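This report concerns only the one structure given below.
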Amino acid sequence: MADRSGGRPAAQTESTIRDWDDEDPSGQTYRRVLFIDSDLTEVENRAGVFEECTFRGVRFNASTHADAAFVNCTFVRCSLFDTTFTRCKMVGSLFDDCAHSLMKVVGGDWSFTGLPGADLKGAEFTGVKMREADLTGLRAQKAVLRDLDLSGASLQKADLTGADLRGSDLSTLDPLTVTLKDARIDVTQAMVVAAALGLDVRP
């Protein structure tokens with residue numbers, strides 16, 4: 001949808017999209033659009049904006065998203081295999097029963113996102129703001145979760161076996177309610193975990 005005024009293209013609002021037809025979302029704005037079984041495989045999205053959209057059964061496989069925004073969106077049974085998000089804004093979005101294998105997230109703001117019970121085994125999150133995110137029951141075995149701002153995040157019953165957590169904020173982590181076997185942490189984090197266990201940490 002071109003904007004004759006020469007500005008940003010007009011937004012697509014309150015519609016349903018089933019066939020993507022190789023449309024380029026870069027620079028486009030979508031508000032309250034329902035995407036059903038759409039195929040976004042290998043799509044290259046630069047600065048596309050999705051607000052309050054719902055994605056059901058959408059395939060994002062091997063797609064790349066840079067400086068894009070998915071604000072208050074809902075992802076249901078979507079495949080995010082080998083999907084890359086770079087400096088994206090995902091604030092308030094919810095992921096329900098999605099596949100996240102080999103997903104990579106670099107930078108960006110994922111605060112207030114909902115990933116309860118998500119399977120992030122082998123996924124990589126680096127330098128991401130995830131304040132007050134719902135990570136309850138997260139399955140993140142051998143995942144890379146480095147330099148994350150997890151202040152206020154809910155991590156109850158999360159399985160972080162073998163995960164690389166170095167540099168991340170673990171101030172709200174309760175080591176008695178999560179699985180941390182073989183997880184990698186740095187010295188500062190070790191002191192935080194020890195204090196959470198009630199240990200008297202001294203130099």
Side-chain angles (χ1 to χ4, degrees), residues 55 60 65 67-203:
F55 302 87
F60 290 90
H65 307 266
D67 302 306
F70 294 82
V71 179
N72 295 324
C73 292
T74 301
F75 299 79
V76 181
R77 296 186 302 279
C78 293
S79 176
L80 296 148
F81 174 79
D82 199 25
T83 301
T84 301
F85 296 96
T86 305
R87 300 180 304 276
C88 291
K89 183 177 181 180
M90 310 288 287
V91 175
S93 289
L94 172 66
F95 295 83
D96 180 13
D97 195 24
C98 295
H100 303 272
S101 299
L102 301 182
M103 187 174 77
K104 299 178 182 64
V105 181
V106 181
D109 191 348
W110 287 54
S111 298
F112 305 101
T113 54
L115 286 157
D119 187 350
L120 295 184
K121 288 192 292 288
E124 297 182 14
F125 283 68
T126 307
V128 185
K129 182 185 294 185
M130 302 186 74
R131 294 183 178 179
E132 299 191 44
D134 182 1
L135 306 177
T136 305
L138 187 73
R139 292 170 288 162
Q141 299 93 323
K142 296 184 178 180
V144 174
L145 304 173
R146 297 201 58 176
D147 302 313
L148 306 184
D149 181 355
L150 294 170
S151 54
S154 176
L155 287 160
Q156 286 85 356
K157 299 182 180 179
D159 187 348
L160 303 172
T161 301
D164 188 348
L165 304 172
R166 289 174 292 176
S168 294
D169 179 358
L170 301 182
S171 59
T172 60
L173 182 145
D174 182 350
L176 296 177
T177 67
V178 301
T179 302
L180 288 170
K181 183 179 179 181
D182 296 327
R184 293 184 181 182
I185 59 176
D186 56 37
V187 175
T188 300
Q189 292 172 315
M191 295 177 66
V192 172
V193 173
L197 287 170
L199 300 179
D200 184 3
V201 182
R202 301 186 183 186

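These figures come from a predicted structure and were not determined experimentally.
A distance of 8.0 Å separates CD in E132 from OG in S111, rounded to the nearest 0.5 Å. One distance of note links CG of D109 with CZ of R87; it measures 14.0 Å at 0.5 Å rounding. The CZ atom of F70 lies 6.5 Å from the SG atom of C88; values are rounded to the nearest 0.5 Å. Within the model, atoms OG1 of T161 and NZ of K121 stand 10.5 Å from one another, a figure rounded to the nearest 0.5 Å. We find the CE-CG distance between M191 and L170 to be 13.5 Å, quoted to the nearest 0.5 Å. Atom CG of L94 sits about 10.5 Å away from atom CG of N72, to the nearest 0.5 Å.
Two residues are said to be in side-chain contact when any heavy atoms from C-beta on lie closer than 4.5 Å; L80 and F85 meet this criterion. Contact check for M90 versus F112: no side-chain heavy atoms found under the 4.5 Å cut-off. For the pair L120 and L138, the minimum side-chain heavy-atom distance is below 4.5 Å. Proximity of L197 to L176: side-chain heavy atoms (C-beta onward) are separated by under 4.5 Å at one or more points. The side-chain heavy atoms of R146 and L165, taken from C-beta on, include no pair separated by under 4.5 Å. In this structure, the side chains of S101 and D82 stay at 4.5 Å or more apart for every pair of heavy atoms. Side-chain atoms of I185 and V192, non-hydrogen and from C-beta on, never get closer than 4.5 Å to each other. Under the 4.5 Å side-chain criterion, counting only non-hydrogen atoms from C-beta, M103 is in contact with F125.
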Criterion side-chain contact (heavy atoms from CB on, under 4.5 Å) on T84 and H65, from CA distance to verdict
CA-CA 6 Å; T84 301; H65 307 266; over 6 Å; no

I would like to know whether D149 and K129 meet salt bridge (Lys or Arg N to Asp or Glu O under 4.0 Å); could you show each step before the answer?
CA-CA 5 Å; D149 181 355; K129 182 185 294 185; 5.7 Å; no

Under the side-chain contact (heavy atoms from CB on, under 4.5 Å) criterion, do F60 and C78 qualify, and how do the steps go?
CA-CA 7 Å; F60 290 90; C78 293; 4.2 Å; yes

Apply side-chain contact (heavy atoms from CB on, under 4.5 Å) to the pair L160 and L173, showing each step before the final yes or no.
CA-CA 11 Å; L160 303 172; L173 182 145; 4.0 Å; yes

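Side chain of T172 to backbone of A153: a donor-acceptor contact under 3.5 angstrom is found. Side-chain N or O atoms of T113 include none that pairs as donor or acceptor with a backbone N or O of G92 at under 3.5 Å. Side chain of D186 to backbone of R166: no donor-acceptor contact under 3.5 angstrom is found. Under a 3.5 Å cut-off, the side chain of S93 and the backbone N or O of C73 do form a donor-acceptor pair. Panel note: side chain D182, backbone R184; no donor-acceptor pair is recorded below 3.5 Å. Within the 3.5 Å criterion, the main-chain N or O of D169 finds no donor-acceptor partner in the side chain of Q189. Of the possible polar contacts, none joining the T86 side chain to the V106 backbone as a donor-acceptor pair under 3.5 Å is found. Formation of a donor-acceptor pair under 3.5 Å by the D96 side chain with backbone atoms of C98 is not found in this model.
Not less than 6.0 angstrom separates the ring centroid of F81 from the ring centroid of H100. Centroid-to-centroid, the aromatic rings of W110 and F95 come within less than 6.0 Å.
Counting non-hydrogen atoms of other residues, nucleotides and ligands closer than 6.0 Å to NZ of K89 gives a total of 12 or fewer. Heavy-atom neighbours of K157 NZ from other residues, nucleotides or ligands within 6.0 Å: at or below the threshold of 12.
Closest approach of L135 and L150 over heavy atoms only: CD1-CD2, 3.9 Å. What you find for P175 and A196 is that their closest heavy atoms are CD-CB, 3.6 Å. Contact between L145 and A140 at its shortest, heavy atoms only, is CD1-CB, 4.1 Å. Residues S168 and D147 share a closest heavy-atom pair of OG-N, 3.2 Å.
For the residue pair S154 and T136, a side-chain donor N or O sits within less than 3.5 Å of a side-chain acceptor on the partner.
Taking the charged nitrogens against the carboxylate oxygens, R139 and D159 have no contact shorter than 4.0 Å, which rules out a salt bridge.
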